[in-house]
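Lettering of chains follows the sequences in order, A, B, ..., and the numbering in each one begins at 1. Keep in mind that what you see is a predicted model, and the values were worked out from it rather than measured.
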Amino acid sequence: MIDERLLKPYNPAETEDSIYKKWIDSGLFNPDTCVSKGFTKPDAPTFSIMLPPPNVTGVLHMGHAATLTIEDIMVRYHRMKGDRTLWLPGTDHAAIATQSKVEKIVEKEEGKRRHDLGREELLKRIATFVEGSRTTIVHQSKKMGASLDWSREAFTLDEERNLAVRTAFKKMYDDGLIYRKFRVVNWDPKGQTTISDDEIIYEAAKSPQYTFKYSKDFPIAIATTRPETKVGDVAVAVHPDDARYKKYVGNTYDIVFAGVPISVKIIADSAVDPAYGTGAVGVTPAHSMVDWEIANRHNLPIIPVINEFAKMTVAAPELKDKKVTEARQIIVEWLKKENLLIKEEIIENNISKAERTNGTIEPLPKLQWFIAVEKKFKMGASNMAGIKTGQEVTLKELMLSVVKENSITFLPDNFTKIYTNWIDKLHDWCISRQIWYGHRIPVWYKGDTVYCGVDAPKEEGYIQDEDTLDTWFSSGLWTFSTLGWPKETLDFKTFHPTNVLETGKDILFFWVARMILMTTYLIGTVPFKTVYLHGTVRTDKGEKMSKSLGNAMDPLDMNAKYGTDATRISLIIGNGPGNDFRISEDKIRGYKNFANKIWNATRFVISSTEDFDRSKQPKLTADDAKIHEEFNIFIKDVTKDIEEYRFYIAGEKLYHYFWHNFADITIERTKEIIFHGTPAEKESAQWLLLSLLFTQLKLLHPFMPFVTEELWGVLGNKKLLMIESWPKESTL
RNA sequence: GGGCGCUUAGCUCAGUUGGUUAGAGCAUCUCAUUUACACUGAGAGGGUCGGGGGUUCGAAUCCCUCAGCGCCCACCA
């Protein structure tokens, strides 16, 4: 009797939710349950992956869907293989992104800004928003079929993770690796906070560049695209060997520039390229990183002329409180009027923008917290190749050692070079942010006394630092903070270091590098052994998907239309590591047909084996034995592809075998035998059909978990397919 | 400027570390189809592997060179 479910074409919408519920109810996403129920040996090898925590600002997009699918394939494979497999979910508080999103909402709905609400009230609003957003993204992840252990779900800003952050900060502070310094930093006037170098996006632009002299008597011309900053100039730097300017070095000129009295000293500094432009640089120490360093070398004063709101602070009435863009025009007009402008030309340059708020970055001198990446310290307990316990090292050296010693493998491996190249150029990391949402810096002040501790000082009268930490500080701890560190939990001992870190290549520096920094330093191990980087998911025309362009494909829409299995395998086949990857609705539609093909083939196998006793193992005919043998080789082949992270190939091979070997050849050939063959031939064929089908459902399960699990049940199996043993050969 | 890639069928891409006649999916064309499946089957056409040079018994694969495309980082006086 055919199961009535099989009488209609496969309808994913009818089955997926109930299948996912079965998995959840079984508790088998949790490795401990797999052990306690006897499906996994207590001493089996472990396999662990931490899900890259999606930001709580957003909804699931194709990139997340790809991440979830690739990781779920690894996880389901290892679970079936018998490993104690942990895939741990969580979300990221995404400090600046989240706060600015909620601020926007509040401003739109109530016309209020952050200071109208105050710190406490804004944080309350954010917490409410975050809870809603978190629920959404968890729900959506489940819709992708992800076999995540929800009982261990973590959040980068919950209490346990906060303890980890404070502990990490304190240790780095005590080792002298975290320091506070007054320096020119990247200030985002829109977000009202500092950001790190990596949070800047450079926008190509064509801007006017002005070549001018400060005054008629000034001997050297300089060029700039930002004339408004020139009221903060303290020097003109030339190359020490530049014959044209040598005679002026050491002179100081007092000038009234656009109504502002300035004092400009001519200095010699080898950082200046004599062949570029006029060969002279106006030095604005307060509003340029490079100039700040020049000024330090020459003991020059720092004169800020722009404030946090990108407005002028000079006393001259025509400039005071003007926006920088207005001041620029005013000064250009003044230069023209005074006949000081020598040349105006359009040049190509980059404008620095904050990636989260799109605010134009204003370099400002500020007191901020930094992590020193090139400072020597004494390494604690090390379990890393090439690094000894107690050895003097820098964070940079730790970060480089993991690739030098091959303790971490990148896929594709050219990212090893990209990573190394980035570390070589790495500067100290600015970690303090002037926003309210995030981990508050665990430092307290009382007069001149500074106290850093995991907890607040017991003594009265201390005030905590107002700033919060860069969101990547807490993300950097993700592989072990999720396992309970700094507590010495069983989870931490069991599942760390993790096996694989799988994520988009675009956050290699933001996240992957920071995890390596934090883990090598704090734990003395690598955070993971393999880094699998997937590319950006693009449209069929190769464009980046974006909400504002309206070309974004919603994975949940695709799931609803074609089934989650179709979406999943579409995101795998043709998607090798490291390369951007195009997806189209046509492709997904094609794999919906594949799910249906599996469905129909199963119906045929069931209907033509109804009189077959499955407990029997008949002797196979020579032809059948050959197919069986070849299929066993195929299993090994596909298993090797999965082991070696070639999911895109494994998926394609499974697809091709099922459709064009099993369905088109084996099944077709069997029809003749079943209807006209001898009883022995018939039994052989029936056994072969069933065994090939059963085994292929197992092999396909990590890729297409829903349809395979459903059919596994239809075929009369009581045990869930998700914890069947990974096949070594085709059996019943 | 530094770094990393890419260029293979009309399109999107494989090609597992050099080995018969270079593959897949989609698209196209022809035919079939009352019997698991039209969300189908059988078959066909289509490539001098970006150009040139070299190494080798043998090169899409290794080396050199030229051209085009892309990404990342830096500079931006």
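Base contact: A:Lys592 has a heavy atom under 4.0 Å from a base atom. Residue contacts shown for A:Ser584 are absent, as no nucleic acid heavy atom lies under 4.0 Å away. Using a 4.0 Å heavy-atom distance criterion, A:Asp291 is classed as making no nucleic acid contact. Here A:Ile418 lies in heavy-atom contact (under 4.0 Å) with sugar-phosphate atoms only. Contacts of A:Ala280 with the nucleic acid, taken as non-hydrogen atoms under 4.0 Å apart, include base atoms. When heavy atoms are screened at a 4.0 angstrom cut-off, A:Ser607 is found touching no nucleic acid atom at all. Within the nucleic acid shown, A:Val283 has no heavy atom closer than 4.0 Å to any nucleic acid atom. Within 4.0 Å (heavy atoms only), A:Leu508 reaches no atom of the nucleic acid at all. As judged by a 4.0 angstrom heavy-atom cut-off over every strand, A:Asn579 is placed among residues touching the sugar-phosphate backbone only. Nucleic acid contact for A:Ala663: base, since at least one base atom lies under 4.0 Å from a heavy atom of the residue. If you check every strand for non-hydrogen atoms under 4.0 Å, A:Phe509 touches sugar and phosphate atoms only. Using a 4.0 Å heavy-atom distance criterion, A:Lys505 is classed as making no nucleic acid contact. Within 4.0 Å (heavy atoms only), A:Gln209 reaches sugar-phosphate atoms of the nucleic acid but no base atom.
Under the rule for a side-chain contact (heavy atoms from CB on, under 4.5 Å), the partners of A:Ala66 that lie at least two apart in sequence or sit in another chain are A:Val537, A:Leu571. Legend: residues meeting salt bridge (charged side-chain N to carboxylate O under 4.0 Å, His left out) with A:Lys396, ordered by chain and number and at least two apart, are A:Glu374.
Here the P atom of nucleotide B:C72 and the CZ atom of A:Phe510 are 11 Å apart, to the nearest Å. Atom P of nucleotide B:C75 and atom NE2 of A:His427 are separated by 7 Å, given to the nearest angstrom.
Two residues are said to be in side-chain contact when any heavy atoms from C-beta on lie closer than 4.5 Å; A:Thr67 and A:His534 meet this criterion. Two residues are said to be in side-chain contact when any heavy atoms from C-beta on lie closer than 4.5 Å; A:Trp187 and A:Pro363 fail this criterion.
For A:Asn421, the listed nucleotide lying nearest its side chain is B:G3; candidates were B:G1, B:A24, B:G3. In this structure, the nucleotide among B:G25, B:G41, B:A77 sitting nearest to the side chain of A:His660 is B:G25.
No side-chain N or O of A:Asn551 forms a donor-acceptor pair with one of A:Thr539 less than 3.5 Å apart.
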Using Watson-Crick or G-U wobble pairs with both distances under 3.5 Å, give me RNA chain B in dot-bracket, 5' to 3', with [ ] for crossers and | for pairs to another strand.
(((((((..((((.....[...)))).(((((.......))))).....(((((..]....))))))))))))....
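Judged by distance alone with a 3.5 Å cut-off, a donor-acceptor contact links the side chain of A:Arg646 to the base of B:U16. The base of B:A36 lies close enough to the side chain of A:Glu668 for a donor and an acceptor atom to sit less than 3.5 Å apart. A:Lys597 contributes no side-chain N or O that forms a donor-acceptor pair with the base of B:C39 under 3.5 Å.
Here, B:C76 and B:A59 have their P atoms 50 Å apart, quoted to the whole Å. On the C1' atoms, B:G15 is 7 Å away from B:G23, given to the nearest whole Å. Rounded to whole Å, the P atom of B:U8 lies 25 Å from the corresponding atom of B:C29. For the C1' atoms, the distance linking B:A60 with B:U21 amounts to 15 Å, nearest Å. Using atom C1' as the reference point in both B:G47 and B:A42, the two lie 24 Å apart (nearest Å). B:U20 sits 32 Å from B:U65 when the C1' atoms are compared, rounded to a whole Å. With C1' as the reference atom, B:C13 and B:G5 are 16 Å apart, rounded to whole Å. Between B:A24 and B:A9, the distance separating the two C1' atoms is 11 Å to the nearest Å.
Annotation: A:Phe703 is not in aromatic contact with A:Phe647 [ring centroid separation under 6.0 Å not met].
Ring pair A:Phe218/A:Tyr214 is perpendicular by interplanar angle, where above 60° counts as perpendicular and below 30° as parallel. In this pair, A:Trp472 and A:Phe510 present their aromatic rings parallel. The plane angle is below 30°, not in the 30 to 60° band. The aromatic rings of A:Phe410 and A:Tyr419 sit tilted relative to each other, their planes meeting at an angle between 30° and 60°.
The side chain of A:Trp659 contributes an N or O atom lying less than 4.0 Å from OP1 or OP2 of B:G41. For B:C13, the OP1/OP2 oxygens have a side-chain nitrogen or oxygen of A:Arg582 closer than 4.0 Å.
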